[in-house]
Amino acid sequence: MSTKILERLCNEGREFWSNTIKFLLYKQYENIFDLIDFENQDIYSDPLLFAYYNNPENISLNKNILNAILLQGFKKNKKIKIQLDKHKKTYISNIGWISKTDETIEFSKEDMGIEKIYKIKDTNIEILKYPIDLLETFYDGNEVEIEEITKKQIENLTKAYLLIKKYVPDHFFLINNYAKKSVIFCANPNYINSFAHRRALGISFFNAYQINYDEVFFVDDIAHQTGHVLMHTMFFDKKKLFQIDDQTTLIQDYSINIKNNNDNRNVDIWFQALFTYYTSFLCLDKCIDANVFDKQQETEAIGRILLYIYRCYYDLNLIGNTKQDRKMFDKITLSIKKSTTESLIFSNDGQKILNIIKNKYAKMFNKYYMKFEHLSFKNQTYNFDLTIFLNDNPTYDL
């Protein structure tokens, strides 16, 4: 049920976004479909094309940059002029990385001296190992490091993707088809967290700043950030999910309880948060059940699930029946009931997805919270920190 509706909406979204890219390409490059295959959807779902058309004009009108994205899709193997990155390596989309210093070069997809892309075996998942000019705009001016942190963490990220592939195959199918590229970076989390961006649709960005991050973090963060990618893909027509304008409507406007004046999220942000709790619940829980973690890793996975239980409970009850003057980590005592405002916010498909989230929350609550409700989160940070969790719960024992 959950996979089918998500798959349908993602398929519809993929077709819409691909047609949008086709229109933009034709507008800029009238004979483009003489050069590339009009029917090859892999060409038009490349996240670098979204990034290209959502960059400043001096970039989004530069055909030499566009050529480096489209090169793999050209029907004939011929030399073509491409723009090189300011970084020491330039990414030729879906082909590899070249090390050149000239501003532009003539290049064909069969030229030698190229570092191949890193794609996880038996998946569509590619890890972008170096900085790319087109993606810099999405870091909002923050300084990020990519190459060294990727060398350090690429094995853990690969492990995490393969764990999800093995133990959550239905959900991995969606990730593998709609969130094919990923970036590991390291930056100050006070300024930038892991993210996925609508304007670089299909890429997940993981901020691996904590020194003790391993595959547990990445299972969680893959679930979370690819969850955003899936939502961005499904959000091609907001009327399919919402009855209201989700961008301009605050979720507090639909709260039937005491208002929280410090919560200024719109419905879009609120619903995306709920969906990513669902995806993290799904992937972490399946890995715990499969006994793939050691004792400390399992402790971390359970801690992460408990943190999301609190957050999910709070967010679901914004339109539910619990007063919102409670603190985030107060004891959870009431169940979540159907809200009278759900049908005002959501279409039928939107309500179906909300019910998927609520059902998963109820299962996680019964499985984990009832056993571990005594554990403290009083000093926990926004991004789960295992060291803080263990310090707050020194007698923790599975």
Side-chain angles (χ1 to χ4, degrees), residues 10 13-14 16-25 28 41-62 65-66 68-70 72-73 83 85-87 89-95 97 117-119 124-147 149-150 157 161 174-187 191-208 221-236 247 268-269 272 275-276:
C10 283
R14 166 64 57 78
F16 174 87
W17 295 120
S18 293
N19 286 337
T20 300
I21 291 294
K22 287 178 180 178
F23 171 77
L24 293 171
L25 282 169
Q28 181 180 2
Q41 295 304 313
D42 287 341
I43 296 173
Y44 310 106
S45 62
D46 189 329
L48 275 297
L49 279 174
F50 290 86
Y52 174 77
Y53 283 114
N54 284 291
N55 258 276
E57 189 174 274
N58 65 313
I59 294 175
S60 64
L61 293 179
N62 187 327
I65 295 175
L66 181 62
I69 303 172
L70 294 177
Q72 175 68 9
Q83 176 82 44
D85 255 20
K86 66 184 179 188
H87 302 290
K89 291 181 184 290
T90 296
Y91 180 63
I92 310 299
S93 200
N94 301 306
I95 297 177
W97 306 83
I117 62 173
Y118 180 89
K119 186 175 281 191
N124 295 326
I125 307 299
E126 180 185 356
I127 301 173
L128 301 172
K129 297 165 60 177
Y130 306 105
I132 297 175
D133 275 356
L134 280 176
L135 302 182
E136 285 198 350
T137 185
F138 305 114
Y139 300 113
D140 294 329
N142 293 292
E143 185 176 338
V144 303
E145 195 288 316
I146 292 173
E147 184 173 352
I149 193 65
T150 301
L157 181 61
Y161 271 115
L174 299 176
I175 295 173
N176 199 40
N177 282 281
Y178 300 102
K180 297 180 182 180
K181 286 182 167 58
S182 58
V183 173
I184 310 171
F185 70 97
C186 185
Y191 303 111
I192 184 170
N193 271 307
S194 300
F195 66 96
H197 207 293
R198 297 176 199 273
R199 293 186 287 120
L201 186 64
I203 305 180
S204 305
F205 297 81
F206 309 115
N207 186 359
D221 218 27
I222 289 168
H224 186 142
Q225 305 314 326
T226 63
H228 284 304
V229 173
L230 297 178
M231 288 296 269
H232 293 329
T233 304
M234 292 187 285
F235 277 6
F236 68 98
Q247 293 288 328
D268 177 335
I269 293 173
Q272 292 238 10
F275 187 74
T276 59

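Counting begins at 1 with the first residue of the sequence.
Screening Leu24, Leu25, Thr20 for a side chain to side chain contact (heavy atoms under 4.5 Å, CB included) involving Tyr44 leaves a single residue, Leu25.
Nearest heavy-atom pair across Gly73 and Ile43 is CA-CD1, 4.0 Å. Shown here for Ala200 and Phe138, the closest heavy-atom pair between the two residues is CB-CE1, 3.7 Å. Of all heavy-atom pairs between Ser18 and Ser45, the closest is OG-N, 4.3 Å. When all heavy atoms of Ala51 and Leu134 are compared, the closest pair comes out as CB-O, 4.1 Å.
Rounding to the nearest 0.5 Å places CD1 of Ile132 at 13.0 Å from NZ of Lys86. Annotation: the span from Asn94 atom CG to Ile69 atom CD1 amounts to 10.0 Å, rounded to 0.5 Å. With rounding to the nearest 0.5 angstrom, the CD1 atom of Ile269 is 7.5 Å from the CD atom of Gln247. Interatomic distance, Thr233 OG1 to Leu201 CG, rounded to the nearest 0.5 Å: 4.0 Å. For the atom pair Asp221 CG and Ser182 OG, the distance stands at 10.5 Å (nearest 0.5 Å). Distance CG/Asn62 to CD1/Ile65: 4.0 Å, rounded to 0.5 Å.
For Asp85 (side chain) and Asp133 (main-chain N/O), a donor-acceptor pair under 3.5 Å exists by modelled atom type. Not a single donor-acceptor pair under 3.5 Å links the side chain of Tyr91 to the backbone N or O of Ile117. Within the 3.5 Å criterion, the main-chain N or O of Gly227 finds no donor-acceptor partner in the side chain of Gln225. Checking side-chain atoms of Ser204 against main-chain N and O of Ala196 turns up no donor-acceptor pair under 3.5 Å.
For Phe235, the ring pair (Phe, Tyr, Trp, His ring centres under 6.0 Å) partners are Phe242, not counting sequence neighbours. Partners of Lys22 under the salt bridge (charged side-chain N to carboxylate O under 4.0 Å, His left out) rule, at least two apart in sequence or in another chain, do not exist in this structure. Residues that satisfy the ring pair (Phe, Tyr, Trp, His ring centres under 6.0 Å) test with Tyr191, not counting sequence neighbours, are absent from this structure.
Open room surrounds CD on Glu143; 12 or fewer heavy atoms of other groups in view lie less than 6.0 Å from it.
Considering only heavy atoms from C-beta on, Val183 comes within 4.5 Å of Tyr139 through its side chain. Annotation: side chain of Thr150 is not in contact with side chain of Tyr118 (no heavy-atom distance under 4.5 Å). In this structure, Leu48 and Lys181 have side chains that are in contact, with non-hydrogen atoms separated by less than 4.5 Å. Within the 4.5 Å cutoff, side-chain heavy atoms of Ile192 are placed close to those of Phe185. Between Thr137 and Asn54 there is no side-chain heavy-atom pair separated by less than 4.5 Å. The side-chain heavy atoms of Gln72 and Asp46, taken from C-beta on, include no pair separated by under 4.5 Å. Looking only at side-chain heavy atoms (C-beta outward), Asn124 and Ile175 stay at 4.5 Å or farther from each other. Looking only at side-chain heavy atoms (C-beta outward), Asn193 and His224 stay at 4.5 Å or farther from each other.
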For this session: Show your reasoning for whether side-chain contact (heavy atoms from CB on, under 4.5 Å) applies to Val144 and Phe205.
Result: CA-CA 11 Å; Val144 303; Phe205 297 81; over 6 Å; no
For this session: Would you please test Asn177 and Cys10 for side-chain contact (heavy atoms from CB on, under 4.5 Å) and show each step?
Result: CA-CA 9 Å; Asn177 282 281; Cys10 283; over 6 Å; no
For this session: Let me see the working for Ile125 and Asn176 under side-chain contact (heavy atoms from CB on, under 4.5 Å), right down to the final yes or no.
Result: CA-CA 6 Å; Ile125 307 299; Asn176 199 40; 3.9 Å; yes
For this session: Evaluate the criterion side-chain contact (heavy atoms from CB on, under 4.5 Å) for residue pair Tyr130 and Glu147; output intermediate values, then yes/no.
Result: CA-CA 5 Å; Tyr130 306 105; Glu147 184 173 352; 3.5 Å; yes
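Between His228 and His232, the side chains place no donor N or O within less than 3.5 Å of an acceptor N or O (distance only, hydrogens not considered). Donor-acceptor pairing under 3.5 Å is recorded for the side chains of His87 and Glu136.
Between Tyr161 and Phe206, the two ring planes are perpendicular [angle over 60°; tilted spans 30° to 60°].
Comment: Glu126 does not engage Lys119 in a salt bridge, judged by the lack of any side-chain N to carboxylate O separation of less than 4.0 angstrom.
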